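Have a look at the structure below before the remarks.
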Amino acid sequence: MKDNQTMADKIEVRHEGMRIGGKTVFTDNVIEVKYPYTDEVIGTVPAGTAEHARQAFEIAANYKSKLTRYERSQILQRAGELIGERREDLAKWLTLELGICHQHAIYETKRAQDVYQFASHQALNDDGEIFSCDLTHNGKDRKIYTKREPVRTISAITPFNHPLNMVSHKIAPSIATNNCMVCKPTELTPLTAIALADILYDAGLPPEMFQIVTGLPQDIGDEMITNDNIDIITFTGGVPVGKIIADKAGYKRQALELGGNDPLIICNDLSDEDLEKAATIAVAGATGNSGQRCTAIKRILVQESVAEKFVPLVLEKAKAIKFGDPQDPETQLGCVIHSQAAEIFENRVYQAEKEGAKILYHPGRQGALLPPIVVDHVPHDSELVMEETFGPIVPIVRVPDNDEEVMAISNSTEFGLSSGVCTNDLNRAISYINGLDVGTCNIWEQPGYRIETSPFGGIKDSGNGVKEGVTEAMKFFTNVKTYSLPWP
Ligand code: NAD
């Protein structure tokens, strides 16, 4: 804080309850939520237990929604509108619990609004199929039809880095398909998920269809995976927890949307003007949401023959970023989730330096406020770029001019989420689209570029190949029932 006031003097500290079966449920033990910029407590949520999760799943499993497509669409549309109407308040709390700057928080509210808009439209589409049976050797005068049905309950476990949008990507398709979901948001940034639940209830959603339980993973985590009423687990988070879930979930259907280590590849066919454009993409992609996007640019792979021209452009753009007080509307880069995370990432930079990298810009870290550190000549197998360094570091790896070698380097990590390639040569673009082992390849865009209904998800350690995005999630959240009728 820039003055003597504490955050508690400026805001009303939120003491939230869980949302179980339409009731607000508190517990004696609570989990504190801290503002990363000052480390002050800005709210608490209950330290819920497995018993709370059990109750919520029981309520969800016993509720059979009768909402029509029209009603679901209306609820989703209204939820999107309410997010728009409450944008400033949501953004304020996103900044307070996550530490990202206000500008990035506003961006997230708009993405979430899009999710509800798409889900509202999709709820109106009849996704059944019809097959005539008179088109085979042994055909008959009948027809086969399909319809999609909701499951018993869905368990959603969400990460800290997109407290509004990630939960929205779970609940909006769940509502669109008439499902009941129990969500356990992360203990680090749970307040926005609770605010979102209230928005949905205000929009007309029966409370049984979306419940929120909070708690520490060791107290409540197993129940979110193994409860008998769960048919589907939709998890977004890091690789280690994703693999624990995969081990424990057994027969239950799982969507595992895990970490990333995405490259932006800068090809040697670019003009000076193109390199400028590529540098803008590189810096924005590495620093957006404080580098805490699963699809943030984690490695800038630049081909040798353009590196000397490209690197100064990146440096200039990184230096121009105004980082600091996340609540200042002018700030373009705020904090990472806590100072321990910032320290780990900074240490990885120093480790890379010992391995031959050159730090070009590092104006100093203050707690969780990690600047956009620009580091060049990073060895491609350095921990800084082999692991997911979940902060606004801008690491440049100089790679050979041969595209096959670049693809081999790009594919050499355990991750396979997304990627971006800057080239004007269509043949090269196609080679990269085909050759990169990833879930998405964006030509002339950040790896994170998507619209909220396009299919999204990774392979290898980044995910089990199940796609999210409103349309795919609606398919994943339903069972196809096939039936046939004796009429042509
Ligand atoms: P995390 O894996 O530490 O935690 C995610 C969630 O799992 C939290 O709600 C946490 O409480 C819960 N959890 C932890 N241990 C558990 C256990 N044993 N049983 C059940 N639940 C448990 O992830 P995080 O640090 O909150 O989020 C950042 C990670 O999420 C990054 O790796 C990022 O790349 C990834 N992510 C992926 C995507 C994607 O779409 N692929 C999107 C956003 C974030």
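Computed from a predicted structure; not experimentally measured. First listed ligand is number 1; within each ligand, the first listed atom is number 1.
- Annotation: Glu388 places an N or O atom under 3.5 Å from an N or O atom of ligand 1; distance criterion only.
- The closest non-hydrogen atom to atom 35 (C) of ligand 1, taken over Ala193, Pro159, Gly237, comes from Gly237.
- Judged by distance alone, the side chains of His162 and Glu108 do bring a donor and an acceptor atom under 3.5 Å apart.
- A side-chain donor-acceptor contact under 3.5 Å links Glu81 and Gln77.
- Compare Phe390, Phe235, Phe456, Phe415 by their heavy atoms: the one nearest to atom 5 (C) of ligand 1 is in Phe235.
- When hydrogens are left out, the protein atom nearest atom 2 (O) of ligand 1 is Gly238 N, 2.8 Å; that is the closest non-hydrogen contact.
- Look at Met224 and you'll find every heavy atom at least 4.0 Å from all atoms of ligand 1.
- Using the six-membered ring where Trp is involved, Phe160 and Phe390 have ring planes that are perpendicular, over 60° apart on the 30 and 60° scheme.
- Of all atoms in ligand 1, numbered sequentially from 1 with element shown, those under 4.0 Å from a heavy atom of Thr186 are 8 (C), 9 (O).
- Heavy-atom contacts of Glu187 reach the following atoms of ligand 1: 10 (C), 11 (O) (cutoff under 4.0 Å).
- Applying the 4.0 Å criterion to heavy atoms of Glu257 picks out, from ligand 1, the atoms 37 (C), 38 (C), 39 (C), 40 (O), 41 (N).
- Nearest non-hydrogen protein atom to atom 15 (N) of ligand 1 is Pro217 CB, 3.4 Å.
- In this structure, Asp231 pairs ionically with Arg152, as a charged nitrogen and a carboxylate oxygen lie closer than 4.0 Å.
- Side chains of Thr471 and Thr453: a donor-acceptor N/O pair is present below 3.5 angstrom, by distance only.
- Protein heavy atom closest to atom 24 (P) of ligand 1, with residue, atom name and distance, is Phe160 CD2, 3.6 Å.
- Nearest protein heavy-atom neighbour of atom 20 (C) of ligand 1: Gly221 CA, 3.5 Å.
- Comment: Arg111 engages Glu452 in a salt bridge, judged by a side-chain N to carboxylate O separation of less than 4.0 angstrom.
- Scanning the protein heavy atoms around atom 36 (N) of ligand 1, the nearest turns out to be Cys294 CB, 3.5 Å.
- Side-chain polar atoms of Gln122 and Asn125 form a donor-acceptor pair below 3.5 angstrom.
- Considering backbone and side-chain atoms together, Ile244 places no N or O closer than 3.5 Å to any N or O of ligand 1.
- The closest side-chain heavy-atom distance from Ile451 to Asp114 is not below 4.5 Å.
- Using a 4.0 Å cut-off between a side-chain N of Lys or Arg and a carboxylate O of Asp or Glu, Arg293 and Asp262 do not qualify as a salt bridge.
- At the shortest separation from atom 44 (C) of ligand 1 among protein heavy atoms lies Asn161 OD1, 3.2 Å.
- Interface atoms of ligand 1 facing Thr236, defined by a heavy-atom separation under 4.0 Å, are 5 (C), 36 (N), 37 (C), 38 (C), 39 (C), 40 (O), 42 (C), 43 (C), 44 (C).
- Residues Arg86 and Asp202 are paired through a salt bridge, judged by an N-O separation under 4.0 Å between the basic side chain and the carboxylate.
- Residue Thr158 has at least one N or O atom closer than 3.5 Å to an N or O atom of ligand 1.
- The shortest N or O to N or O distance between His162 and ligand 1 is not under 3.5 Å.
- Shortest contact from atom 12 (C) of ligand 1 to any protein heavy atom: Ile157 CG2, 3.7 Å.
- Across the listed options Leu258, Val241, Asn289, Leu258 owns the non-hydrogen atom lying nearest to atom 37 (C) of ligand 1.
- Atoms of ligand 1 lying under 4.0 Å from any heavy atom of Ile225, numbered from 1 in the order shown and given with element: 19 (N), 20 (C).
- In summary, the atoms of ligand 1 found under 4.0 Å from a heavy atom of Met166, numbered by their order in the structure, are 42 (C), 43 (C).
- Between Lys248 and Asp222 a salt bridge is recorded (basic side-chain N to carboxylate O distance below 4.0 Å).
- Electrostatic pairing of Lys460 and Glu414 does not count as a salt bridge here, judged by no charged N lying under 4.0 Å from a carboxylate O.
- For the pair Gln211 (side chain) and Val182 (backbone), a donor-acceptor distance under 3.5 Å is absent.
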